[in-house]
Amino acid sequence: MADPINNSATPTTPVEAKTPATTAKAAAPKRKKAKRSVPSGQVHVQATFNNTIITFTDGSGNKLTASSAGACGFRGSKKGTAYAAQIAAERAAQAAKQQYGFSRAEVFIKGVGLGRDAAVRVLAGMDIQVEAIKDVTGIPHGGVRPKKARRI
């Protein structure tokens with residue numbers, strides 16, 4: 001028996017076929033990142049007993065590339081070695097030279113780890129002219145608050 005309210009076989013409100021264009025906005029094409037040329041900048045080396053982190057920045061301190069001994073696959077106590085720092089510095093320097101044309105650097109060294117000298121030696125080997133080396137290791141002054149006086 002036919003439905004008394006709706007006598008037709010087709011629905012009264014047509015269902016529109018939803019296409020991807022109507023459901024979502026068309027994705028805007030991504031702009032290709034402009035290739036920056038940074039011929040000179042800064043190299044920050046943080047050498048701790050457990051790891052060495054090398055960061056290449058432009059003149060105002062904006063990060064270009066970075067690498068660390070841990071990111072190069074070294075684990076545990078091997079991360080704190082001079083060899084691990086050398087590999088990390090090579091990886092970061094190679095990326096900075098290829099992507100940005102990095103050729104001159106001021107080096108800022110922080111920390112007391114074994115990777116201090118190894119990282120700077122790599123820069124000379126990669127034909128990056130080292131203009132200055134500055135040690136920015138923190139020096140404690142004043143120390144912590146002393147214990148309160150013992151009262152008997």
Side-chain angles (χ1 to χ4, degrees), residues 13-152:
T13 56
V15 178
E16 294 181 19
K18 292 187 177 181
T19 60
T22 59
T23 57
K25 293 179 182 177
K30 290 187 178 180
R31 281 193 215 159
K32 196 169 186 180
K33 193 171 184 182
K35 190 156 186 162
R36 273 175 62 195
S37 176
V38 183
S40 67
Q42 301 171 350
V43 178
H44 297 268
V45 179
Q46 182 177 3
T48 65
F49 290 120
N50 295 321
N51 201 357
T52 304
I53 302 169
I54 293 96
T55 307
F56 283 75
T57 65
D58 60 11
S60 59
N62 299 317
K63 185 177 102 166
L64 302 174
T65 62
S67 184
S68 69
C72 292
F74 293 93
R75 287 285 168 243
S77 61
K78 294 185 179 93
K79 288 194 301 183
T81 62
Y83 177 68
Q86 177 183 340
I87 300 299
E90 284 175 3
R91 182 180 283 187
Q94 189 69 34
K97 281 186 72 120
Q98 284 181 351
Q99 293 176 2
Y100 301 101
F102 205 86
S103 60
R104 290 190 320 271
E106 290 181 68
V107 181
F108 296 95
I109 301 175
K110 180 184 278 190
V112 292
L114 297 172
R116 292 168 56 100
D117 301 329
V120 177
R121 267 192 244 114
V122 166
L123 297 178
M126 298 283 291
D127 293 330
I128 294 177
Q129 181 183 347
V130 177
E131 294 178 343
I133 300 174
K134 187 173 181 183
D135 190 353
V136 291
T137 305
I139 300 169
H141 53 281
V144 297
R145 182 176 174 170
K147 291 176 72 175
K148 64 181 181 180
R150 189 166 170 234
R151 294 182 359 196
I152 298 178

Just distance, no hydrogens or angles: give the donor-acceptor pairs under 3.5 Å from side chains in residues 73-83, sequence neighbours left out.
unit_1 : atom_1 : unit_2 : atom_2 : d
Thr81  : OG1    : Lys78  : O      : 2.8
Thr81  : OG1    : Ala84  : N      : 3.3

I'd like a table of donor-acceptor pairs (distance under 3.5 Å, sequence neighbours excluded) in which one partner is a side-chain atom from residues 116-124, with atom names and distances.
unit_1 : atom_1 : unit_2 : atom_2 : d
Arg116 : NH1    : Gly111 : O      : 2.4
Arg116 : NH2    : Asp135 : OD2    : 3.3

Which pair of heavy atoms, one from [X] and one from [Y], lies closest together, and at what distance?
X	Y	result
Ala85	Gly115	CB-CA, 3.4 Å
Ser40	Phe102	C-CE1, 4.1 Å
Ile54	Ala89	CD1-N, 3.8 Å
Thr65	Ala92	OG1-O, 3.3 Å
Val43	Ala105	CG2-CB, 3.7 Å

The side chain to side chain donor-acceptor pair (under 3.5 Å) partners of Gln99 (sequence neighbours excluded) come to none

Across all chains, not counting sequence neighbours, the side chain to side chain donor-acceptor pair (under 3.5 Å) partners of Asp58 are Arg36, Ser60, Asn62

Exercise. Take Thr57 and Phe108 through the side chain to side chain contact (heavy atoms under 4.5 Å, CB included) test and state the conclusion after the steps.
Key: CA-CA 11 Å; Thr57 65; Phe108 296 95; over 6 Å; no

Residues at least two apart in sequence or cross-chain that pass salt bridge (Lys or Arg N to Asp or Glu O under 4.0 Å) with Glu131, listed by chain then number, are Arg104

Contacts of Asn50 meeting side-chain contact (heavy atoms from CB on, under 4.5 Å) (sequence neighbours excluded), chain-then-number -> Thr48

**Q.** His44 side chain to Gln42 backbone, donor-acceptor under 3.5 Å
**A.**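 Side chain of His44 to backbone of Gln42, a donor-acceptor pair under 3.5 Å: no, none is there.
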
_Looking at Pro39, is its backbone amide N or carbonyl O close enough to the side chain of Ser103 to form a donor-acceptor pair, meaning the two atoms are under 3.5 Å apart?_
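Yes; at least one donor-acceptor contact below 3.5 Å.
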
When rounded to the nearest 0.5 Å, the distance separating CD1 of Ile53 from NZ of Lys110 is 10.5 Å

Practice item. For atom NZ of Lys97, decide whether the heavy atoms of other residues, nucleotides or ligands shown that lie under 6.0 angstrom number more than 12. Key: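 Buried by this count: over 12 neighbours within 6.0 Å.
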
